[in-house]
Peer 1: 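Sharing a structure with you now.
If you read the sequence from its start, that first residue is 1, and numbering goes on from there. Since this is a predicted model, take the numbers as computed values, not measurements. One-based numbering, in listed order, for ligands and for the atoms of each.
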Amino acid sequence: MIVSLIEKLRQRHTLNVDEYKALLLSQDAEALKYLQEQAQEVTIEVFGNQVFIRGLIEITNRCRNNCYYCGIRKGNQAVVRYELTQEEILACCRKGYALGFRTFVLQGGETPDVKDDRIVGIVSAIRREFPDCAITLSLGEKSRETYERLFQAGANRYLLRHETHNEEHYRRLHPSGMSLRKRLQCLEWLKEIGYQTGTGIMVGSPGQSIDHLMEDILFIEQFHPEMIGIGPFIPHHDTPFATCSPGSVEMTLKLLSIFRLMHPKVLLPSTTALSTLLPDGRERGILAGANVVMPNLSPREQRENYTLYDNKASLGAEAAEGLQLLEEKLAAIGYRISKERGDYGSG
Ligand code: SAM
């Protein structure tokens with residue numbers, strides 16, 4: 001029964017609600033192995049055995065928001081705040097370029113609108129110096145006008161996880177003043193403007209049910225993002241969710257495979273959160289259908305200040321300078337690093 005659903009998903013790229021639910025609830029080890037194999041086969045059909053790399057630059061841990069799950073939330077007084085200068089960011093890009101990175105991901109907390117000009121200037125400077133590279137932004141909710149200015153300045157992609165598509169669950173994760181509707185509106189704008197757009201969720205965030213995951217799957221199916229970022233929730237000791245349990249690695253892998261079968265060409269990262277929970281989490285993500293990794297290119301001395309959750313991995317194969325090690329780990333499972341830009345549709 002489950003096997004036939006997996007085959008149907010591979011062929012038709014969609015299932016009905018009850019079928020998705022049966023797949024999410026299945027504990028049948030053989031069937032789940034089959035799901036991963038099918039997802040892996042599809043990934044290899046589209047991309048070969050290559051994995052795209054993105055250099056992640058965590059440009060600031062200042063944030064105006066107070067998401068209950070996040071270690072850099074505004075209310076966390078224990079964080080030493082930093083903001084990289086334009087020159088520091090360009091230095092990260094130069095280091096990354098020399099290592100072979102052709103995509104830079106600028107991620108950070110959500111800064112006030114008055115800082116938007118500065119970010120536009122940074123994107124323009126990267127675009128001037130690295131005309132052959134893709135620039136991905138992950139800087140949260142901005143006005144449509146700002147998204148347009150950033151796009152004009154040379155940004156190509158934007159990552160904005162919706163976090164949950166269920167209103168009640170959204171309220172459980174965020175304080176009043178933040179709104180799911182606003183987040184979804186931002187995603188629509190990003191797509192309309194022409195960004196390759198990414199959305200996604202934390203798997204196992206507090207209060208998440210199978211029905212919530214179903215809503216997320218249906219939203220993602222309809223929104224058809226070019227990138228899907230999913231990783232397990234991991235608690236941070238200085239947040240209201242300090243004592244919550246981490247999300248399930250198995251469910252994360254299952255969702256990676258489902259998204260690959262739903263959307264064969266999607267750019268699907270094997271996330272740092274997965275590597276943080278399991279020493280071979282990154283490789284398991286790739287074997288479940290992921291095709292992107294995002295090693296950390298931030299200045300070494302600031303990495304410990306960008307702690308979204310406890311024990312966040314940023315060294316070894318998770319670090320840009322550990323590319324050789326990453327190469328070896330991927331080779332051990334039959335994959336190689338691609339140093340192409342790796343835009344959506346280029347597989
Ligand atoms: N401020 C931007 C935004 O809101 O999209 C980008 C930075 S935000 C820290 C990046 C992502 O980190 C979030 O979308 C969230 O899914 C993830 N994240 C935050 N706290 C986490 C936690 N405790 N466990 C796992 N992922 C977490």
Side-chain angles (χ1 to χ4, degrees), residues 54 56-76 79 81 83 105-113 115-116 119 136-142 146-147 150 157-165 169-170 172-175 177-180 182-187 190 195 197-208 216 220 225 227-249 251-252 255 269-278 281 294 296 298 303 305-314:
R54 316 316 195 180
L56 177 65
I57 308 170
E58 295 156 337
I59 65 169
T60 182
N61 65 359
R62 293 186 197 284
C63 192
R64 62 181 168 192
N65 292 332
N66 240 332
C67 311
Y68 299 137
Y69 46 83
C70 186
I72 61 166
R73 65 200 299 271
K74 182 179 170 190
N76 184 359
V79 178
R81 302 284 170 177
E83 187 172 285
V105 181
L106 272 49
Q107 192 184 89
E110 219 173 274
T111 48
D113 300 349
K115 298 265 186 183
D116 289 350
I119 300 168
T136 304
L137 302 177
S138 173
L139 301 170
E141 297 169 23
K142 306 256 165 225
T146 296
Y147 286 145
L150 290 166
R157 309 182 190 141
Y158 207 105
L159 301 169
L160 186 74
R161 292 183 178 181
H162 64 288
E163 315 293 2
T164 172
H165 197 259
H169 187 219
Y170 187 89
R172 173 89 199 270
L173 301 178
H174 303 94
M178 294 186 73
S179 122
L180 175 58
K182 169 85 193 304
R183 196 127 183 124
L184 298 177
Q185 172 67 82
C186 287
L187 281 166
L190 290 165
Y195 284 95
T197 305
T199 194
I201 57 164
M202 289 172 290
V203 178
S205 57
Q208 185 182 66
D216 293 320
I220 286 175
M227 305 172 282
I228 305 174
I230 48 170
F233 159 77
I234 305 176
H236 182 288
H237 61 278
D238 278 325
T239 62
F241 292 156
T243 57
C244 295
S245 309
S248 146
V249 168
M251 183 58 91
T252 306
L255 285 163
S270 185
T271 53
T272 306
L274 203 50
S275 310
T276 299
L277 282 189
L278 267 190
M294 296 169 63
N296 198 313
S298 308
R303 284 183 203 169
N305 295 322
Y306 199 84
T307 308
L308 307 180
Y309 43 82
D310 289 338
N311 306 313
K312 176 168 159 276
S314 66

Peer 1: Which residue and atom name correspond to the protein heavy atom nearest atom 27 (C) of ligand 1, and how close is it?
Peer 2: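 Protein heavy atom at minimum distance: Met202 SD, 3.5 Å.
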Peer 1: Is the closest side-chain heavy-atom distance between Ile119 and Thr111 below 4.5 Å?
Peer 2: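 Yes. Closest side-chain heavy atoms under 4.5 Å.
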Peer 1: Enumerate the atoms of ligand 1 whose separation from the nearest heavy atom of Arg161 is less than 4.0 angstrom.
Peer 2: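 It comes down to these atoms of ligand 1: 14 (O), 15 (C), 16 (O), 17 (C).
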Peer 1: Mark yes or no for whether Thr276, through its side chain, and Ala313, through its backbone, hold a donor-acceptor pair below 3.5 Å.
Peer 2: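 Yes, the answer is positive, given that a donor and an acceptor are paired below the 3.5 Å cut-off.
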Peer 1: Starting from atom 23 (N) of ligand 1, find the nearest protein heavy-atom neighbour and note its residue, name and distance.
Peer 2: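 Looking at atom 23 (N) of ligand 1, the protein heavy atom closest to it is Ile234 O, 2.7 Å.
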Peer 1: Which heavy-atom pair separates Pro232 from Leu274 by the least distance, and what is that distance?
Peer 2: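 Where Pro232 meets Leu274 most closely, the heavy atoms are CD-N, 3.8 Å.
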Peer 1: Using a distance threshold of 4.0 Å (strictly less than), state whether atom 15 (C) of ligand 1 has a protein heavy-atom neighbour.
Peer 2: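 Yes, because at least one protein heavy atom sits under 4.0 Å from atom 15 (C) of ligand 1.
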Peer 1: State, without any angle test, whether His174 and Asn65 hold a side-chain donor-acceptor pair at a distance under 3.5 Å.
Peer 2: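 Looking only at side-chain atoms, Asn65 and His174 do not form any donor-acceptor pair under 3.5 Å.
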Peer 1: Heavy-atom contact check, 4.0 Å cutoff: does Gly231 meet ligand 1?
Peer 2: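 Distance cut 4.0 Å: Gly231 fails for ligand 1.
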Peer 1: Looking only at protein heavy atoms, which one is nearest to atom 20 (N) of ligand 1, and how far off is it?
Peer 2: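 Heavy-atom neighbour on the protein nearest atom 20 (N) of ligand 1: Tyr69 CD1, 3.4 Å.
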Peer 1: Provide the number and element of each atom of ligand 1 under 4.0 Å from a heavy atom of Pro232.
Peer 2: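 With Pro232 as reference, the close atoms of ligand 1 come out as 25 (C).
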Peer 1: Would you mind listing which atoms of ligand 1 come within a distance below 4.0 Å of any non-hydrogen atom of Arg183?
Peer 2: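 Once the distances to Arg183 are compared, the set is 3 (C), 4 (O), 5 (O).
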Peer 1: Find out whether Leu180 and Glu163 are in side-chain contact, i.e. whether some heavy atom of one side chain is under 4.5 Å from a heavy atom of the other.
Peer 2: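 With C-beta onward as the side chain, the pair stays apart.
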Peer 1: Hey, do the aromatic rings of Tyr158 and Tyr147 have their centres closer than 6.0 Å?
Peer 2: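 Judged by ring-centre distance (under 6.0 Å), Tyr158 and Tyr147 do meet the cut-off.
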Peer 1: Of the side chain and backbone of Tyr306, name the one, both, or neither that has a heavy atom under 4.0 Å from an atom of ligand 1.
Peer 2: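 Near ligand 1, Tyr306 shows its side chain, while the N, CA, C and O stay back.
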Peer 1: Which residue, Gln107, Met294, Glu58, forms the side chain to side chain contact (heavy atoms under 4.5 Å, CB included) with Ser138?
Peer 2: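 Between Ser138 and the candidates, side chain to side chain contact (heavy atoms under 4.5 Å, CB included) is satisfied uniquely by Gln107.
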Peer 1: Which ligand 1 atoms, with their elements, are less than 4.0 angstrom from a heavy-atom of Gly108?
Peer 2: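 Listed by number with element: 1 (N), 2 (C), 6 (C), 7 (C).
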Peer 1: Is the shortest heavy-atom distance from the side chain of Thr239 to the side chain of Cys70 under 4.5 Å?
Peer 2: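 In short, these two side chains do not touch, never coming nearer than 4.5 Å.
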Peer 1: In the structure I gave you, are the side-chain heavy atoms of Arg161 and Met202 within less than 4.5 Å of one another anywhere?
Peer 2: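 Sidechains of Met202 and Arg161: in contact.
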Peer 1: Side chain, backbone, both or neither: which part of Glu163 comes within less than 4.0 Å of ligand 1 when only heavy atoms are counted?
Peer 2: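 The answer is the side chain.
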Peer 1: Check whether any heavy atom of His236 sits under 4.0 Å from an atom of ligand 1.
Peer 2: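 So His236 does not count as touching ligand 1.
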Peer 1: Against heavy atoms of Leu308, which atoms of ligand 1 measure under 4.0 Å?
Peer 2: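 Selected atoms, number and element: 9 (C), 12 (O), 20 (N), 23 (N).
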Peer 1: Are any non-hydrogen side-chain atoms of Leu173 and Gln208 less than 4.5 angstrom apart?
Peer 2: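 No; the side chains remain at least 4.5 Å from each other.
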Peer 1: Short list, please: which atoms of ligand 1 are under 4.0 Å from a heavy atom of Phe233?
Peer 2: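 Answer, ordered by atom number: 23 (N), 24 (N), 25 (C).
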Peer 1: For ligand 1, does Ala273 get within less than 4.0 Å through its side chain, its backbone, both, or neither, judged by non-hydrogen atoms?
Peer 2: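 Ala273 to ligand 1: no contact under 4.0 Å from either part.
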